[in-house]
Chemist: 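Structure below; questions to follow.
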Amino acid sequence: MTSVKSMGSPGDAFPPGEASVLEGQPPWDLLALLTLAFIVFGWMALAVSYNPSHGAQFAFERFHTVALHQFQTLPWDRFLHEMHTTYGPAFYALVGSLYLPTEGVRAVGLVMHLLSTLLLLQVALRTGAPWQRAALLSVAFFASPFQFGPALWGHPDALAMLLMMLGLGATLLAGRGTHRSVSIGLLPMTVLVHQAGVAVVAASCLDDLRLRRYADMALKLLVTSAMLYLLYRVWDGFTPPSLQHATQINTRGFLMAFTLLALGLHAWDRLNTRTRAVVLLVRFALLWPVFTAVYAVSAPFAGGGFIFSRLDTLDSGWLAVNVASPALMAAVVAWSWTSLVGYRLSTAQITLCAAVLATGQALYLKDIDFFFWPLLLMRLVRWGSQRPQMRDALMRSAVVWTLVSLTLATLSYSQL
């Protein structure tokens with residue numbers, strides 16, 4: 001009796017080992033469709049003047065179009081001294097030299113945002129993330145109201161974020177040699193677009209120091225120092241003369257920024273879920289009085305403040321000091337404490353960015369978001385391949401962060 005020859009398994013059609021490699025490859029046709037969806041959605045949003053972050057259109061019309069007009073009509077030296085913006089001159093020089101109409105300026109910002117999205121997608125794939133999670137991460141970044149909104153309305157933030165994505169992703173995307181050095185050198189150029197980018201450069205240098213990438217760190221510090229020196233010489237400060245004000249640290253702003261960055265980057269870490277409830281309660285009981293005392297010695301921000309502004313308003317009606325906002329912050333830090341102590345380098349990077357944010361007179365979620373994505377990208381590059389659980393936690397954090405941001409933007413948080 002002859003046996004019936006069984007059908008071969010899918011792996012039989014390929015040489016040994018090749019089937020598993022092909023199985024792990026992302027479906028590039030679906031990723032191409034995702035890119036096309038980004039383009040179509042962006043074009044539609046551009047056509048209807050979508051304004052997801054509320055203040056994006058106002059800032060574009062009040063400040064950025066004025067600065068672009070100044071670049072196109074004033075001599076270079078006068079433009080640098082009379083810039084009607086707190087940003088650096090690079091974006092206005094780049095886009096203004098094209099002499100585009102308003103819609104063209106906005107389209108350029110949208111293209112920059114799309115490139116940043118695709119870079120983040122590529123980094124996620126290089127870390128070994130499943131293509132579904134990598135695609136979801138890119139969607140979260142693209143749809144973030146505080147990334148999509150400024151890009152859609154021609155803000156310098158779009159170019160700053162693109163430079164940060166290029167510089168921070170260089171370790172995985174550019175390989176070694178000249179291309180990698182050029183990519184890394186792009187990161188310090190961020191300070192000519194958005195001076196706050198110096199905190200991202202400093203945070204990345206901490207990574208370099210820990211991994212003994214001394215050449216990378218030296219290149220970043222050299223270029224950043226040169227850029228800051230140029231700005232200081234031109235403006236006699238780090239912002240245009242007409243918009244300079246005395247710099248002071250607002251500890252309330254530091255607590256807000258630190259808490260929100262810790263929440264966004266560490267809340268999903270499994271290390272935190274292993275903590276017993278009684279330990280969390282003890283941590284909260286110790287942190288709450290400290291946060292209340294520090295919060296009380298700082299004046300409220302002129303603008304922004306998120307949900308904390310409403311909590312402060314409720315407290316002021318019947319209490320001498322604010323207790324609800326410090327309680328919320330203490331709860332977040334108590335929950336994230338294990339991660340904050342366990343990843344001390346990550347905590348130092350968050351502290352750096354929070355300190356820079358604390359120097360402003362206003363604090364909006366848009367400002368926090370500007371640091372959230374680069375810090376998340378640093379962690380993906382550092383841990384993505386070696387710690388899949390950490391990589392997946394970071395991706396979940398990004399999705400939750402965008403969902404919360406969309407909710408706050410929908411509720412017009414900027415009017416608080």
Side-chain angles (χ1 to χ4, degrees), residues 9-42 113-145 147-148 161-162 164-175 183 207 211 261 263-274 336 339 342-343 346 369 372-406:
S9 63
D12 293 340
F14 304 99
E18 188 173 338
S20 59
V21 173
L22 291 176
E23 184 180 354
Q25 294 297 314
W28 294 109
D29 53 344
L30 293 181
L31 295 181
L33 286 175
L34 178 64
T35 303
L36 180 61
F38 288 148
I39 295 172
V40 171
F41 181 74
H113 182 53
L114 176 62
L115 292 176
S116 296
T117 302
L118 297 179
L119 280 167
L120 182 61
L121 173 64
Q122 185 65 20
V123 168
L125 291 172
R126 289 289 185 92
T127 62
W131 70 267
Q132 298 95 332
R133 289 184 182 273
L136 187 59
L137 176 66
S138 67
V139 170
F141 175 77
F142 188 84
S144 170
Q147 295 296 325
F148 186 54
M161 187 58 62
L162 177 58
M164 288 191 289
M165 290 289 178
L166 285 168
L168 295 172
T171 305
L172 289 179
L173 299 179
S183 299
D207 268 343
L211 298 174
L261 287 173
L263 177 65
L265 294 166
H266 290 296
W268 287 88
D269 190 352
R270 291 189 179 183
L271 291 176
N272 298 315
T273 62
R274 300 171 186 170
S336 307
S339 291
Y343 304 115
S346 172
D369 196 71
F372 171 80
W373 292 101
L375 289 175
L376 182 136
L377 181 58
M378 289 181 206
R379 284 149 184 74
L380 282 180
V381 171
R382 189 195 320 161
W383 294 321
S385 301
Q386 291 78 23
R387 302 183 183 181
Q389 289 185 347
M390 173 62 70
R391 180 193 63 211
D392 294 344
L394 287 169
M395 292 184 173
R396 286 194 295 271
S397 294
V399 173
V400 173
W401 180 268
T402 292
L403 291 175
V404 172
S405 298
L406 284 169

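Values in this document were obtained by computation on a predicted structure and should not be read as measured data. The analysis underlying the following values was restricted to heavy atoms, covering all of them including side chains, and did not include hydrogens, waters or symmetry mates.
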Chemist: So Leu119 and Leu377, do their side chains get closer than 4.5 Å, heavy atoms only?
Modeler: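 Answer no - side chains too far apart.
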Chemist: Supply the atom-to-atom distance Trp383 CH2 to Tyr343 OH, rounded to the nearest 0.5 angstrom.
Modeler: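 Output value for this atom pair is 5.5 Å.
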Chemist: Atom CG in Asp207, atom CE in Met378: separation rounded to 0.5 Å?
Modeler: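 One gets 6.5 Å once the value is rounded to the nearest 0.5 Å.
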Chemist: Which atom names give the shortest non-hydrogen contact between Ala398 and Ala140, and what distance separates them?
Modeler: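 Nearest heavy atoms, Ala398 then Ala140: O-CB, 3.9 Å.
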Chemist: Between Phe372 and Trp401, how do the two ring planes meet: parallel, tilted or perpendicular, split at 30° and 60°?
Modeler: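 Parallel.
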Chemist: To check you understand the geometry: which heavy-atom pair defines the closest contact between Leu380 and Thr127, and what is its length?
Modeler: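 Taking every non-hydrogen atom into account, O-CG2, 3.4 Å.
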Chemist: For a 4.5 angstrom cut-off between non-hydrogen side-chain atoms, does Gln147 reach Phe142?
Modeler: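 No, side chains not in contact.
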Chemist: Work out which heavy atom in Leu406 is nearest to a heavy atom in Ala143; give both atom names and the distance.
Modeler: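 The answer is CD2-O, 3.7 Å.
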Chemist: Taking C-beta and beyond as the side chain, do Arg391 and Ser385 meet within less than 4.5 Å on heavy atoms?
Modeler: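 The answer is no, as the side chains (C-beta and beyond) never meet within the 4.5 Å cut-off.
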Chemist: Have a look at His266 and tell me which of Ser336, Ser397, Ser346 forms a side-chain hydrogen bond (donor to acceptor under 3.5 Å, both in side chains) with it.
Modeler: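 The passing option is Ser346.
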Chemist: Any heavy-atom pair between the side chains of Phe141 and Met165 that's under 4.5 Å?
Modeler: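 A side-chain contact exists here, since the closest heavy-atom pair is under 4.5 Å.
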Chemist: Tell me, do Val399 and Leu136 make a side-chain contact under 4.5 Å, heavy atoms counted?
Modeler: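 Yes. Closest side-chain heavy atoms under 4.5 Å.
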Chemist: Taking all heavy atoms of Leu162 and all of Ser116, pick out the closest pair and write down the distance.
Modeler: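 Heavy-atom minimum between the residues: CA-OG, 3.2 Å.
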Chemist: I'd like to check Leu125 versus Leu31 (side-chain heavy atoms, cut-off strictly below 4.5 Å). Are they in contact?
Modeler: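 Result yes, sub-4.5 Å side-chain heavy-atom pair found.
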Chemist: Working to the nearest 0.5 angstrom, can you tell me the gap between Leu120 CG and Ser138 OG?
Modeler: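 It comes to 7.0 Å.
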Chemist: Report yes if the side chains of Thr402 and Ser144 come closer than 4.5 Å at any heavy-atom pair, otherwise no.
Modeler: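 Yes - at least one pair of side-chain heavy atoms lies under 4.5 Å apart.
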Chemist: When rounded to the nearest 0.5 angstrom, what is the spacing between CG in Leu168 and CZ in Arg379?
Modeler: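 Result: 10.5 Å between the selected atoms.
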Chemist: Might you work through the side-chain contact (heavy atoms from CB on, under 4.5 Å) test for Asp392 and Gln389, ending with a clear yes or no?
Modeler: CA-CA 5 Å; Asp392 294 344; Gln389 289 185 347; 5.8 Å; no
Chemist: Nearest 0.5 angstrom please: Asp29 CG to Leu34 CG, how far?
Modeler: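 So the CG of Asp29 and the CG of Leu34 are separated by 11.5 Å.
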Chemist: Quick check on Gln132: does its CD atom have over 12 non-hydrogen neighbours (other residues, nucleotides or ligands) under 6.0 Å away?
Modeler: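 It does: Gln132 CD has more than 12 such atoms within range.
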Chemist: Could you state the interatomic distance from CZ (Arg396) to CH2 (Trp268), rounded to the nearest 0.5 Å?
Modeler: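 Here the interatomic distance stands at 6.0 Å.
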Chemist: Could you tell me whether the side chain of Leu376 reaches within less than 4.5 Å of the side chain of Leu137, counting heavy atoms only?
Modeler: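 Yes; the side chains approach each other to less than 4.5 Å.
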